[in-house]
Amino acid sequence: MIKKIALCLAYCISTTILQAQILSIDSIELKQFEVKSSPNNGGVLIHNIVSGKNTVLEILYAKNGYATLSKIETPVSKTAIVADASIMDEGILVLTIDAAQKNSVLTLFGFEGKILQQKTEQIAVLPPGNTMKQYYTGIMMGTYYTIMPEADKSGGYKITTYDNELKELSKQSYTGRKGMLELITVKKEMDKLYLLRKEVLDAKQQKYAYSIHTFSPHMPDAAGTVSLEDNEGDYSMPLNINARHGMLFVAGAYYKNGKYEDGKAAGIMIQQMAPDGQVIRKAKIPADRLNQFLPDTWIASLSKDAYLSVLDVYDNMGKIVVVGEMLKKEVKGKDTRLQISDMIVMHINQENDIEKLQFVEKSPAMNINLSGIASTYNLHNTAEWLCYNKLYNYQFSLNINGKQHLCYMNADTAQIAATMSVTDADSVVGENSGIILLSRLPDPNRHMSRKLKLSLNADKPETTMRAASRYTYVLPLDEIRILICNYSRPRLQLIVDTARK
């Protein structure tokens with residue numbers, strides 16, 4: 001399947017002498033795949049199930065400076081899918097789910113391809129139409145874990161921990177108090193997992209309650225849950241979690257009594273949490289205060305057909321930085337059109353008020369024609385779906401030479417080589433805005449360039465994921481290095497570059 005592996009060592013995208021590491025592979029078919037990385041062991045993982053005369057799980061991984069790509073293949077059933085996978089010092093952990101056989105298989109591979117441990121169990125399978133990821137795997141302090149959904153009418157999930165022989169140590173199930181419990185995302189930080197949960201209290205009235213579940217795989221009895229409702233009856237509805245350097249932040253639009261209504265956000269709520277999940281700082285920016293920094297066109301849009309998606313929040317020397325993008329939605333008959341644009345950066349001072357709000361000067365835009373179940377969602381749930389599928393332009397922030405920078409997808413289609421950009425978070429306009437961070441290999445025919453318009457069917461998650469990521473995956477490896485996986489059939493590129501001005 002892999003006919004050619006060409007390692008390009010002399011590739012430079014700036015006037016500096018630093019060189020990107022580029023691995024280019026021709027003639028490869030990735031059908032159902034995802035990219036993972038591990039900052040600790042310098043590995044990257046691509047898992048893929050290939051159907052042919054025999055159905056096999058194909059694992060591509062790179063270690064040791066990303067200079068070579070290795071492959072593992074193992075037979076799987078024709079109806080199996082990869083639910084999640086992790087790369088770690090001990091090897092590669094892969095969880096496959098087979099809806100036809102109603103079982104899961106957890107496998108630990110050594111880097112030479114040998115199966116070190118394997119565990120199969122019968123499971124309840126999610127009903128068709130589930131569009132969000134519900135499965136997670138990993139290792140923490142010598143303890144392996146899986147997170148899987150419970151498939152009953154109340155939703156929920158179960159966390160199972162294993163020893164290094166995949167023998168079960170503990171299993172705990174979690175369900176909602178009053179309604180359907182959904183798992184939005186899971187973040188691993190230091191010795192804990194942070195699970196962002198959404199309980200659908202009343203689907204018809206669009207009432208939701210969010211919470212953070214803190215879990216230590218090696219200390220399962222020490223788990224705790226913190227509600228994101230404050231003592232004033234306001235409910236925060238975040239899209240994700242930011243966990244780094246032992247600090248935890250969540251931020252999102254908030255609503256009175258947990259009832260979501262388009263155009264009725266009461267403001268933005270930001271909560272900083274201690275490692276145990278307890279809130280130690282809260283900043284609430286009411287909508288009328290936020291509107292003092294926004295143009296009239298934004299204010300008008302936010303009151304009817306637009307949503308401010310809060311994508312990142314972090315501490316900057318005691319101040320808080322919030323990054324968001326505008327999501328607009330237009331429905332015409334059976335057509336649902338989305339536009340993601342107008343990236344903003346908001347700085348919150350130590351008095352928990354807006355110090356400044358800036359629009360990224362060279363902010364990109366993405367247009368999506370959406371069909372399937374997600375096209376019927378309200379604006380908040382649509383934003384949640386887009387965030388899960390990594391469809392926003394903003395990617396992450398990283399530290400370059402002691403200063404925080406924002407990394408986002410560049411939409412300059414005039415360039416033969418697609419690009420990424422970074423912006424100094426302190427000043428996103430003027431000289432510092434739109435710094436070119438790195439370029440991918442030249443692509444004269446623009447096969448791998450980033451599309452500015454996508455057509456996605458939310459009822460086919462694997463198709464949506466492949467369409468959304470066919471141009472790139474972007475992952476931070478550490479504070480100064482970035483991994484880009486760029487795939488457009490039949491060509492795959494892996495690039496590791498050092499962030500620099």
Side-chain angles (χ1 to χ4, degrees), residues 129-133 155 176 179-185 196-212 227-230 233-242 249-271 284-287 290-291 294 298-313 322-331 336-344 346 366 368 370 372-394 456 458 464:
N130 179 62
T131 61
M132 300 285 279
K133 179 173 178 174
M180 169 72 76
L181 184 66
E182 302 174 359
L183 195 56
I184 303 303
T185 190
L196 176 60
R197 318 184 322 166
K198 172 185 178 183
E199 189 171 3
V200 183
L201 302 177
D202 190 320
K204 188 174 182 179
Q205 294 191 43
Q206 302 183 116
K207 292 189 70 172
Y208 313 122
Y210 285 75
S211 58
I212 298 290
S227 171
L228 298 184
E229 171 193 3
D230 69 5
D234 293 325
Y235 287 66
S236 176
M237 298 186 183
L239 302 178
N240 53 30
I241 306 171
N242 183 344
F249 282 91
V250 290
Y254 69 87
Y255 297 82
K256 293 291 183 182
N257 302 315
K259 186 175 181 180
Y260 174 84
E261 293 182 75
D262 286 347
K264 300 294 185 182
I268 299 296
M269 186 186 299
I270 303 149
Q271 292 159 299
K284 292 175 72 174
I285 311 298
L290 181 62
N291 288 345
L294 298 176
W298 257 61
I299 296 172
S301 293
L302 287 171
S303 67
K304 51 180 182 179
D305 61 354
Y307 182 86
L308 177 55
S309 304
V310 179
L311 305 175
D312 198 3
V313 55
V322 179
V323 184
E325 289 189 81
M326 173 78 90
L327 168 64
K328 293 184 178 180
K329 184 176 183 178
E330 181 183 14
V331 179
T336 297
R337 300 174 185 175
L338 308 176
Q339 183 185 63
I340 303 168
S341 61
D342 294 333
M343 191 184 304
I344 69 165
M346 182 165 52
M366 165 73 77
I368 299 171
L370 184 63
I373 184 64
S375 66
T376 66
Y377 293 168
N378 61 38
L379 270 169
H380 171 72
N381 289 339
T382 300
E384 203 167 68
W385 184 84
L386 292 168
C387 192
Y388 158 71
N389 281 295
K390 301 179 177 65
L391 287 166
Y392 284 96
N393 300 300
Y394 177 76
L456 302 178
T464 296

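A quick note: this is a predicted structure, and the numbers were derived from the prediction, not measured.
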Please report the C-alpha distance between M326 and I344 in whole Å, then the side-chain angles of each, then the deciding distance to 0.1 Å, and finally whether the side chain to side chain contact (heavy atoms under 4.5 Å, CB included) criterion is met. CA-CA 8 Å; M326 173 78 90; I344 69 165; over 6 Å; no
Looking at Y255, Y260, Y307, which one forms a side chain to side chain donor-acceptor pair (under 3.5 Å) with H380? Y307
Please identify each residue that fulfils ring-ring contact (aromatic ring centres under 6.0 Å, His included) with F249, with sequence neighbours left out. none
Decide yes or no on side chain to side chain contact (heavy atoms under 4.5 Å, CB included) for Y210 and I184, but give the supporting numbers first. CA-CA 9 Å; Y210 285 75; I184 303 303; 4.2 Å; yes
Test side-chain hydrogen bond (donor to acceptor under 3.5 Å, both in side chains) applied to E182 - qualifying residues, sequence neighbours left out: none
Side chains of Y388 and T185 in contact at under 4.5 Å (non-hydrogen atoms): no
Would you give the length of the straight line joining atom CG of L370 to atom CG of L391, rounded to the nearest 0.5 angstrom? 9.5 Å
Under a 3.5 Å threshold, yes or no: a donor from one side chain and an acceptor from the other, between N381 and Y208? yes
In this structure, CD of Q339 is separated from CD1 of I368 (nearest 0.5 Å) by 10.5 Å
Are any side-chain N or O atoms of S303 and backbone N or O atoms of A300, one a donor and one an acceptor, separated by less than 3.5 Å? yes
So do the side chains of V310 and I270 get within less than 4.5 Å of each other, counting heavy atoms only? no
Of all residues at least two apart in sequence or in a different chain, which pass the ring-ring contact (aromatic ring centres under 6.0 Å, His included) check with Y394? none
Taking all non-hydrogen atoms of both residues into account, name the closest pair between I373 and A458 and its distance. N-CB, 4.3 Å
Backbone N/O of G179 and side chain of E199: donor-acceptor pair under 3.5 Å: yes
Check Y254 against P286 and note the closest heavy-atom contact, atom names and distance. OH-CA, 3.7 Å
Can you run down the salt bridge (charged side-chain N to carboxylate O under 4.0 Å, His left out) pairs that involve residues 257-268, sequence neighbours left out, and say none if there aren't any? none
N/O donor-acceptor pairs under 3.5 Å from side chains in residues 234-242, not counting sequence neighbours:
from: D234; atom 1: OD1; to: K256; atom 2: NZ; distance (Å): 3.1
from: D234; atom 1: OD2; to: K284; atom 2: NZ; distance (Å): 2.4
from: Y235; atom 1: OH; to: E229; atom 2: OE1; distance (Å): 3.3
from: Y235; atom 1: OH; to: E229; atom 2: OE2; distance (Å): 3.4
from: N240; atom 1: ND2; to: L311; atom 2: O; distance (Å): 3.2
from: N242; atom 1: OD1; to: R244; atom 2: NE; distance (Å): 3.2
from: N242; atom 1: ND2; to: D312; atom 2: OD1; distance (Å): 2.7
from: N242; atom 1: ND2; to: V313; atom 2: O; distance (Å): 2.6

Could you tell me which residues satisfy side-chain contact (heavy atoms from CB on, under 4.5 Å) with T382, sequence neighbours excluded, listed by chain and number? L327, K329, L338, Y377, L386
Side-chain heavy atoms of N389 within contact of L456, under 4.5 Å: no
